[in-house]
Amino acid sequence: MTIFSVHSTIFSRASVVLLSTNGFKRFSFASSFSSTAVYSPPLPKMKKRRYPIVSAVDIGGVTIARNDVVRDDDPTNNVPDSIFSKLGMQLHRRDKHPIGILKNAIYNYFDSNYAKKFEKFEDLSPIVTTKQNFDDVLVPADHVSRSLNDTYYVDSQTVLRCHTSAHQAELLRKGHSRFLVTGDVYRRDSIDSTHYPVFHQMEGFCVFSPEDWNESGMDPTLYAAEDLKKCLEGLARHLFGSVEMRWVDTYFPFTNPSFELEIYFKDDWLEVLGCGVTEQGILKQSGLENNVAWAFGLGLERLAMVLFDIPDIRLFWSSDERFTSQFGKGELGVKFKPFSKYPPCYKDISFWISESFTENNFCEVVRGIAGDLAEEVKLIDNFTNKKGMTSHCYRIVFRSMERSLTDEEVNALQSKVRDEVERKLNVELR
């Protein structure tokens with residue numbers, strides 16, 4: 001099948017249909033884009049793989065082959081097998097998984113308080129056009145989020161969605177005015193306990209007509225903002241109980257005014273979500289120029305880690321029964337009990353960087369070799385010599401969540417990292 005066929009089934013179910021084995025700040029409500037654009041050339045494909053490879057996924061009855069998404073012949077393609085293997089896993093649709101439990105708790109809040117007026121979409125394809133992912137939500141043409149360093153490209157016009165906002169415009173054009181969109185999103189990112197290249201977001205959207213705000217006698221923008229804050233304060237109480245809250249003014253390209261909601265939880269201020277009154281440009285392109293709307297977005301992993309006391313984001317992807325058996329349908333806030341803490345293995349690597357070097361590319365190399373055995377990658381030293389050459393020293397922490405790693409395993413992984421970094425990133429090892 002072709003990528004055009006993928007686009008035509010953008011609102012269809014995605015699920016894994018065949019497995020075989022061989023030998024994620026941005027401008028989104030759940031997190032915001034960084035502000036400095038960096039060009040990043042695509043990485044050559046890995047020849048050796050240590051993780052299961054998904055051969056195909058099913059999207060609305062259409063089989064998408066690996067070669068439709070992981071393309072060796074397209075210079076813009078930067079989707080590795082480790083990412084393609086996550087397509088269709090849909091943790092948010094598993095009722096006994098922390099992500100699914102949290103999603104359902106949010107659904108319950110909206111169903112109880114809005115008489116099921118919000119439609120729910122949770123099986124939309126994560127393969128979208130650059131227009132859907134960027135243009136339709138007013139992301140500037142030169143913004144860093146569009147770079148190969150930040151986003152997974154299938155080809156120059158097709159990406160793995162960076163946020164659930166990618167479906168906003170099409171849903172509006174189809175006549176949906178109140179909806180919740182939940183799904184897996186993809187971003188090239190650093191490696192640590194709170195970042196993963198695949199995570200889950202929920203977006204909420206609500207459109208108002210002139211009759212709504214005329215009755216109140218309020219300015220339409222103020223009316224939408226007040227309704228938004230009332231809604232989300234109620235959601236925060238539903239999830240966290242009676243907590244102190246505060247609103248922080250911020251910036252997103254698709255809302256104005258824009259806010260972040262923070263709660264005082266466990267003796268600290270926690271950012272819960274981002275939101276705002278939708279920019280009129282977004283509404284106009286969907287034929288809603290006489291309306292106003294609000295939107296919010298939240299990262300499910302971020303909140304689930306707090307609510308369930310889950311210390312490492314990699315655990316969400318674990319199939320270990322010692323993890324999965326701890327959670328039950330509807331049991332929001334059950335505290336995770338660590339089943340073991342295996343020892344970390346530390347390895348350092350130093351090299352002279354080139355002008356094209358980016359840390360995200362380095363993390364992609366490490367992740368491509370070590371997979372989820374890579375717990376953290378941290379820059380621990382850097383300097384520039386008299387010749388103007390810059391050196392970076394990174395510490396890689398290897399640790400399995402399920403067993404102890406052997407010295408032989410870690411040494412083999414580190415050796416592969418050294419070889420691939422030198423080959424792929426145009427750096428000189430020290």
Side-chain angles (χ1 to χ4, degrees), residues 29-31 89-123 164 178-185 193-196 198-206 228-246 260-275 296-339 401:
F29 288 129
S31 59
M89 292 190 71
Q90 297 188 314
L91 302 184
H92 60 286
R93 305 190 77 191
R94 303 182 185 184
D95 290 341
K96 295 182 180 180
H97 190 283
I99 299 299
I101 295 169
L102 175 57
K103 177 210 71 177
N104 289 333
I106 298 173
Y107 281 0
N108 290 340
Y109 169 77
F110 277 92
D111 287 345
S112 299
N113 290 274
Y114 294 92
K116 296 188 177 181
K117 292 181 179 179
F118 280 80
E119 298 178 88
K120 305 176 186 70
F121 299 90
E122 59 179 41
D123 58 354
T164 48
R178 292 188 176 193
F179 51 83
L180 302 172
V181 180
T182 311
D184 41 321
V185 298
S193 63
T194 62
H195 292 86
Y196 201 79
V198 189
F199 57 103
H200 298 77
Q201 282 189 354
M202 180 184 290
E203 172 129 346
F205 204 92
C206 183
L228 170 66
K229 289 182 177 181
K230 179 182 178 181
C231 171
L232 297 181
E233 287 173 0
L235 176 60
R237 284 189 291 270
H238 179 73
L239 297 177
F240 293 95
S242 181
V243 292
E244 184 180 354
M245 306 179 202
R246 69 183 183 188
E260 289 175 348
L261 174 60
E262 296 182 350
I263 64 171
Y264 197 70
F265 190 73
K266 294 184 178 179
D267 299 322
D268 199 5
W269 285 102
L270 170 70
E271 178 190 333
V272 176
L273 50 78
C275 61
F296 75 85
L298 54 84
L300 292 174
E301 275 86 348
R302 175 180 175 84
L303 298 186
M305 291 180 77
V306 174
L307 288 166
F308 293 93
D309 280 352
I310 295 174
D312 194 309
I313 196 169
R314 294 175 297 165
L315 281 165
F316 289 115
W317 299 93
S318 176
S319 58
D320 192 315
E321 288 187 0
R322 292 173 294 179
F323 176 78
T324 59
S325 64
Q326 294 192 34
F327 309 101
K329 182 177 180 180
E331 297 178 354
L332 181 67
V334 170
K335 302 307 180 185
F336 169 66
K337 297 180 177 63
F339 42 82
M401 295 176 291

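All residue numbers refer to positions in the sequence shown, counting from 1. This one's a predicted model, so the numbers in the text were calculated from it and none came from an experiment.
Within 6.0 Å of the NZ atom in K116, the count of heavy atoms belonging to other residues, nucleotides or ligands does not exceed 12.
Partners of Y114 by ring pair (Phe, Tyr, Trp, His ring centres under 6.0 Å), not counting sequence neighbours, listed by chain and number: F110, F118. Contacts of W269 classified as ring pair (Phe, Tyr, Trp, His ring centres under 6.0 Å), with partners at least two apart in sequence or in another chain: Y264. With sequence neighbours excluded, the residues satisfying side chain to side chain donor-acceptor pair (under 3.5 Å) with D95 are N104. Every residue meeting the side chain to side chain donor-acceptor pair (under 3.5 Å) condition with E122, not counting sequence neighbours, appears here in chain and number order: R93, K103, Y107. Taking the salt bridge (charged side-chain N to carboxylate O under 4.0 Å, His left out) definition, one finds that K266 meets it with D309, sequence neighbours left out. Applying the side-chain contact (heavy atoms from CB on, under 4.5 Å) criterion to L307, with sequence neighbours excluded, gives L102, F240, L332.
For F323 and F339, the ring centers are positioned 6.0 Å apart or more.
Of the possible donor and acceptor atoms, one in the side chain of Q326 sits under 3.5 Å from a partner among the backbone N and O of K337. Checking side-chain atoms of H97 against main-chain N and O of T324 turns up no donor-acceptor pair under 3.5 Å.
Using a 4.5 Å heavy-atom threshold, the side chains of M401 and L315 count as touching. For the pair E233 and I263, the minimum side-chain heavy-atom distance is 4.5 Å or more. The shortest distance between side-chain heavy atoms of T194 and D312 does not fall below 4.5 Å. The closest side-chain heavy-atom distance from T182 to L300 is below 4.5 Å.
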